[in-house]
Amino acid sequence: MELSKAYEPKEFEDKIYRDWEKSGFFNPDNLNLPKNAKPYTIILPPPNITSKLHIGHALTLAIEDLIIRYKRMRGFKTLWVPGTDHAAIATQNVVEKKLWKEEKKTRYNLGREKFLEKVWEFLRETQSAILHQTKKMGASLDWSREAFTLDETRTKAVAKMFVDMYDAGVIYRGERVVNWCPRCHSTLADDEVDYQEQKAKFYTFKYDKNFPISISTTRPETKLGDTAVAVNPKDERYKKYIGKEFLVDFVGVPLKIKIIADWQVDMNFGTGALGVTPAHSIVDWQMARLNNLEIIKVIDEDGKITENFGEYSGKNVLEARELIVEKLKSQGLLEKEEEIDNNLSICYRCGTPIEPLPSKQWFVAVDKKIKKLGNKSLKEKAIEAAEKHAIEFIPERFKKRYLNWMKNMQDWCISRQIWFGHRIPVWYCKQCGEVNVTDKANTEIIILRHGESRSNVEDKLNSDIKNQVNGLTEKGKAQSVAVAEELKSEKIDIIFSSDFKRAQETAKIVAAKLGIKKIIFDKRLREVGVGEFEGKPDAGFSTFRENNFEKWHYDSPHGIESFDSLKTRVFSFLDKVAKKYPGKKILAVGHGDVARVAKGFNTKRGDLEVYKLTYPANAKDVRVKLAPAVCSCDSFNLKQDEDSLDTWFSSGMWTFSTLNKPGDLAKFHPTQMLETGYDIITLWVSRMVMMSFFALAEIPFEKVYLHGMVLDKNGKKMSKSRGNGIDPLDMIEKYGADASRLSLLIGTTPGNDIRFYEGKVESCRNLVNKLWNISRFILMTVEDVNIDTAKINPVHFEDKWILSDFNRLKSDKEKLHSEFGLVSEGVTGKLEHYDFSNAGRSLRTFTRSHFADWYLEFVKNRKDRIKDQVLMYVLKDLLKLWHPFMPFVTEAIWQEMGMKTTLMIAKWPVQDKKLIDEKAEKEFAVIVDVVTKIRNLRAEYKVEPVKKVDIEIKNADKLVESKLVESKDIIMTLGRVGNLRFVTKKPEQAAPAIIGKIEIYMLLAGLVDVEKEKERLEKEKNNLENYIAGLERKLGNAEFVKNAPEKVVDAEKTRLTEAKEKLEKILEQIKDLM
RNA sequence: GGUCGCAUAGCUCAGUUGGUUAGAGCGUUCGAUUCACAUUCGAAAGGCCCCUGGUUCGAGCCCAGGUGCGACCACCA
């Protein structure tokens, strides 16, 4: 069997990923597991659909796939759920910017519906790019459970959550000072506010002559809304005024100012007195609430002074500021005007200075006590979960950040003035103003006109129920079939129909095609009554109505039905459907005028215009969307809230909104692990905890593993704007997915940022190729790839050693102490402790150094069955251990070996303690030392590689002497030795190397360079002397001998003895050279 | 301003409850190609473990103070 010379990722990766998908094992339902198998679930943090994935996402995928593959191999019912996040504001911004750049249009130019279409167009593009990237990384995600925060299922869940929270009193509508951008006309979340350093004029003045305290501000115009002056309660200067009220005349505006005390006031800033403007400062707003102050709005949504401020009203803030300062100057009230540095809050999108404004918004009350949570609030539960270790943070320090933020959290504003996202499920009644909160979906009614009938062809009006002789023509029947085809994709729930024959026949054809059995006939869908025009041509009737609209509106001339009557019955039908079938999609087969009137309902036009609407022939154009609620005043004329929800509201539900397959929630929630970047602890992690407590009264996850940020080589955060962002696809293209993943895993510790540069990927690529070539060699060497590896009886000590060492590598203990070199550390233990980096390092060291460089070199020329067994045993299990790190290459080799099942579900190797053999380890370590020393001697003497050297070994340790003899040939090969003798007497003219009791001499005949050798030995002598002096100092210290553990003291003594022996030999050698 | 983190070889990072002469990968230098692998192998050079003090028989590790860098939160009226 022979593999290609180098591993070519491109030849394998796509095919392997397809095979994995085909196997179905990404889905835990398909894993063949015992009933009691424990679940292990991670929900992938959904990437924003604002852009393609960057290397930071690749890190998330690499870590999570590593954990998931490891757990899967360990027999857990393993689930990893993929998805994407609609990222409301961010996405809307990206599309708005694009729209402006490409078409010079704003969202208002397009209107809500058209704009949203654009957004969806954009997101479908990025979404599929993200999907492709994720698969390329090799992520073993269960695609059958893929979710999107704004798909139908999640949208329903979000609306229901909102309603439930509202019903529980946890969501409320309230007024609060919010960050308002006067240009974007939207509130901004705190994290959407940028700060700009600026020089500002800082004015110090009094409101009027009679007011005793001076205040300072950079924004005199807001002072029109002051209702208090706050001072520090400790401030002796103002103590006497606290609680007093003053009526002042501030630049012509009368104000009532109360003096209040507040600890937040800095006595040393300005005058130590703060003018409180409740409506235009978040801090002041809080003070106002505590002190029951009046709130006066001074600035409106356009950034202009509101009414009732005389000459200032209607001016923008800068104009008003100038005017007020002038006025203060002229009144002699301005005491100081200085320049200070301050931070100006600006909109992160357009840079316009932000106006804090009071505004009606929707909030989640984080302090509201909730009955089903033991009368604790969401905040309390979220704090408790971390403090009582229900949720563990890795690394633990981030718990502090979480708790700190949580404890200071105020009610969470969840409404955003944007179009994209989950529209707030609240309807305001236009009639009585009542607020209706419901998660019921819109009811949608499609009004369909019947197909061509004989009365159409013959041009004889027919609106008499007793005279239903005419049905559909052949053409009409064909039209009905065609319409039914079109309607197939609509998922119609119910069909209504007029009871006129032509409508009945149409409805029956459509119903049969759509597979709907029952048709509900409703008189209200009948054609308008034509009275005396019955049986006559349409033209007369139409002309009459058009000429006599006013009259026909309410009356019934010539016995025809009035417009009002027609409208009333059609609307009554719509009303009934809205009430009785909320959220359904309904087809109503009727007639021309019925469609016309219904269309008017939808467009909310005046009666006359409604009548002039043309009705279409096909089904898709007349649709009525009805609000899902009917107000208690019985009106269904409701208007939905224009705002959308904060994107974290829906992503906060992510751990459970994704588990919507029947039984999933019970099986997989709470999830075991959340793995994400530390930058979204507050934004996301905290929200998930609260949302999960509200919805399910349980934690969303047991552990939170936080990874760092990926930085570029210079330690700068990667981003597109900096131009240092890296597309994982580029790395995969160049080095393969395995190398890309590995480069992100090795050298990465939880919570710490990682620097990424191509060199890392390159060296990982080399390692991947090394594993490939090890396999290539083994598969070429062994006689039978399927050799039984269950029972190995190793005879050679090198076999015993590698089996021993390899089983240490498998260990679930993080580190096994051993005093010998070349001993591996436990990979399983490291993985259990989330120490992925060191797990990878251990594997790398074993693979490269222990297995390839020593064992394989050692046994290269051996030909026997036991060796084959050892090789296959190590290779198979090594592939398993590597699999979570580099799934593709390990699977590729596995398949090349002719394995029938995928490596993905192979059992994780368990340590076989019987194979741990310390004696063999020690013996092999000596051989390694001897060979290394010989190589060192050669290198120091610059012996040409082709030239063989003569070596004599003296006084070999009894224990290992036989092994040295046994390995004579291999030592000679590895050390390029011509003659190897075991002697009892030190040779003349030879360079020594000493390992404990073993002395190795390289004979120098023909290569002697006395000066060089002297120099080398002197250096070593000095080293040893210093070392010995240190040890003697230590051991001569009575305190050390007294206090240190015996083990440590003994070890030092041994070292001293050995060093002295060694020094003695060196000295002898130097003497010889003299 | 508050909180947290980081500082070890030229670079990126390990370094366990304090106990050998502090390690790895990359890079550099020297050398090797009939060998499974030049995506390879052998070897070497390279460290006031940020500074100052303390605890201890003993500190890269623990404590205090400082310096530099970074992050998060708050925000100056």
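Every chain is numbered from 1, with letters handed out A, B, ... down the list of sequences.
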*May I ask you to test the A/L875-A/L879 pair for a side-chain heavy-atom distance under 4.5 Å?*
yes
*Tell me which of A/L856 and A/G275 sits closer to the 5' end of RNA chain B, going by the nucleotide each one is nearest to.*
A/L856
*Give the rounded distance in Å between these two atoms: CD of A/E758 and P of B/U39.*
16 Å
Throw together a table of side-chain donor-acceptor distances under 3.5 angstrom for residues 755-767 of chain A, partners on residues two or more places apart or in other chains.
residue: A/E758; atom: OE2; partner: A/K734; partner atom: NZ; Å: 2.6
residue: A/E758; atom: OE2; partner: A/Y735; partner atom: OH; Å: 2.8
residue: A/K760; atom: NZ; partner: A/R755; partner atom: O; Å: 2.7
residue: A/S763; atom: OG; partner: A/K760; partner atom: O; Å: 3.2

*Look at all strands and tell whether A/T218 reaches a base, only sugar-phosphate, or nothing, counting heavy atoms closer than 4.0 Å.*
sugar-phosphate
*Determine the interatomic distance between P on B/C4 and the same-named atom on B/C63; round to the nearest Å.*
13 Å
*Mind checking the C1' distance from B/U12 to B/U17? Whole angstroms is fine.*
28 Å
Below 3.5 Å between N/O atoms, which protein atoms pair up with nucleotides 29-33 of chain B? Just atom names and distances, please.
none

*asked:* Taking any heavy-atom pair under 4.0 Å as a contact, classify A/D266: base, sugar-phosphate, or nothing.
replied: base
_Angle between ring planes, A/Y705 versus A/F836, binned at 30° and 60°: parallel, tilted or perpendicular?_
tilted
*CZ of A/R976 to CZ of A/R935: how many Å apart, nearest 0.5 Å?*
10.5 Å
_I need the CG-P distance between A/L1063 and B/U21, as an integer number of Å._
16 Å
*By ring-ring contact (aromatic ring centres under 6.0 Å, His included) - contacts of A/F12 (at least two apart)*: A/Y7, A/W772
_Atom C1', compared across B/A43 and B/U56: separation rounded to whole Å_ = 41 Å
*Which part of the nucleic acid, if any, lies within reach of A/V265 when heavy atoms closer than 4.0 Å are counted: base, sugar-phosphate only, or nothing?*
base
*When rounded to the nearest 0.5 angstrom, what is the spacing between CG in A/D226 and CG in A/L293?*
10.5 Å
*Between A/I282 and A/A6, name the one whose nearest nucleotide on RNA chain B is closer to the 5' end.*
A/A6
*For A/I934 and A/V977, run side chain to side chain contact (heavy atoms under 4.5 Å, CB included): C-alpha distance rounded to whole Å, both residues' side-chain angles, the deciding distance at 0.1 Å, then the answer.*
CA-CA 9 Å; A/I934 294 170; A/V977 177; 4.0 Å; yes
Check the interface with nucleotides 40-42 of chain B: list each N/O to N/O pair with the protein under 3.5 Å, or write none.
residue: B/U40; atom: OP1; partner: A/R848; partner atom: NH2; Å: 2.9
residue: B/U40; atom: O3'; partner: A/K770; partner atom: NZ; Å: 3.1
residue: B/C41; atom: OP1; partner: A/K770; partner atom: NZ; Å: 3.0
residue: B/G42; atom: OP1; partner: A/D853; partner atom: OD2; Å: 3.3

*Based on Watson-Crick and G-U pairs with both distances under 3.5 Å, what dot-bracket line describes RNA chain B 5' to 3', crossing pairs as [ ] and inter-strand pairs as |?*
(((((((..((((.....[...)))).(((((.......))))).....(((((..]....))))))))))))....
_Interatomic distance where CG belongs to A/L937 and P belongs to B/A44 [whole Å]_ = 11 Å
*Return yes if some donor-acceptor pair links the side-chain N/O of A/D753 with the main-chain N/O of A/V710 below 3.5 Å, else return no.*
no
*Rounding to the closest angstrom, what is the interatomic distance between B/C75 and B/A59 at atom P?*
46 Å
*Assign a letter to each nucleotide of nucleotides 3-13 of chain B from its 5' end: B, base within under 4.0 Å of a protein heavy atom; S, sugar-phosphate only; -, no contact.*
-SS------SS
_Under a plain distance cut-off of 3.5 Å, with no hydrogens placed, do A/K223 and A/T277 share a side-chain donor-acceptor pair?_
yes
_Output the rounded distance in Å from CD1 (A/I346) to P (B/C75)._
16 Å
*Answer yes or no: is there an ion pair linking A/R1055 with A/E1058, defined by an N-O contact shorter than 4.0 Å?*
no
*Charged N-O contact under 4.0 Å between A/R741 and A/D738*: no
*Are A/K1034 and A/E1052 close enough for a salt bridge, meaning some N to O gap below 4.0 Å?*
yes
*Please state how far atom CG in A/D835 lies from atom P in B/A14, giving the value in whole angstrom units.*
10 Å
*Would you kindly give the CD1-to-C1' distance between A/I681 and B/C72, to the nearest whole Å?*
9 Å
*Which value, in whole Å, describes the distance between the P atoms of nucleotides B/G23 and B/A64?*
30 Å
*Test salt bridge (Lys or Arg N to Asp or Glu O under 4.0 Å) applied to A/E221 - qualifying residues, sequence neighbours left out*: A/R219, A/R321
_Run A/L878 and A/L771 through side chain to side chain contact (heavy atoms under 4.5 Å, CB included) and show every step you take._
CA-CA 9 Å; A/L878 188 61; A/L771 184 63; 4.0 Å; yes
*State plainly whether the residues A/K863 and A/E783 are in salt-bridge range, i.e. N to O under 4.0 Å.*
no
*Reckon A/K860 touches a base, only the sugar-phosphate, or nothing at all at heavy-atom distances under 4.0 Å?*
base
_B/C13 versus B/C49 - spacing of their C1' atoms, nearest Å_ = 13 Å
*asked:* Checking A/W882 now: which residues fulfil ring-ring contact (aromatic ring centres under 6.0 Å, His included) with it, not counting sequence neighbours?
replied: A/F885
*asked:* Under 4.0 Å, heavy atoms only, any strand: does A/Y7 hit a base, just the sugar-phosphate, or nothing?
replied: nothing
_Listed once per pair and sorted, the salt bridge (charged side-chain N to carboxylate O under 4.0 Å, His left out) pairs that draw on residues 1038-1051 of chain A, sequence neighbours left out_ = A/E1039-A/K1042
_A/R1033 CZ to B/G19 P, straight-line distance once rounded to whole Å_ = 20 Å
*Could you encode protein contacts along nucleotides 57-63 of chain B as a string, one character per nucleotide from 5' to 3', using B for base contact, S for sugar-phosphate-only contact and - for no contact, with a heavy-atom cut-off of under 4.0 Å?*
B------
*What nucleotide, of B/C73, B/A36, B/A24, holds the atom closest to the side chain of A/T682?*
B/C73
*So does A/N408 get a side-chain nitrogen or oxygen closer than 4.0 Å to the phosphate oxygens (OP1/OP2) of B/A74?*
no
*asked:* Taking only the C1' atom of each, what is the distance from B/G15 to B/U52 in whole angstrom?
replied: 24 Å
*Mind checking the C1' distance from B/A44 to B/A9? Whole angstroms is fine.*
14 Å
_Those residues that, when tested against A/F777, pass ring-ring contact (aromatic ring centres under 6.0 Å, His included) (two or more places apart)_ = none
*May I ask you to say what A/R844 touches in the nucleic acid, namely base, sugar-phosphate or nothing, with a heavy-atom cut-off under 4.0 Å?*
sugar-phosphate
*List in chain and number order the residues that pass ring-ring contact (aromatic ring centres under 6.0 Å, His included) with A/Y402, two or more places apart in sequence or in another chain; answer none if no residue qualifies.*
A/F393
*Measure from CG on A/N861 to C1' on B/C35 and round the result to the nearest Å.*
10 Å
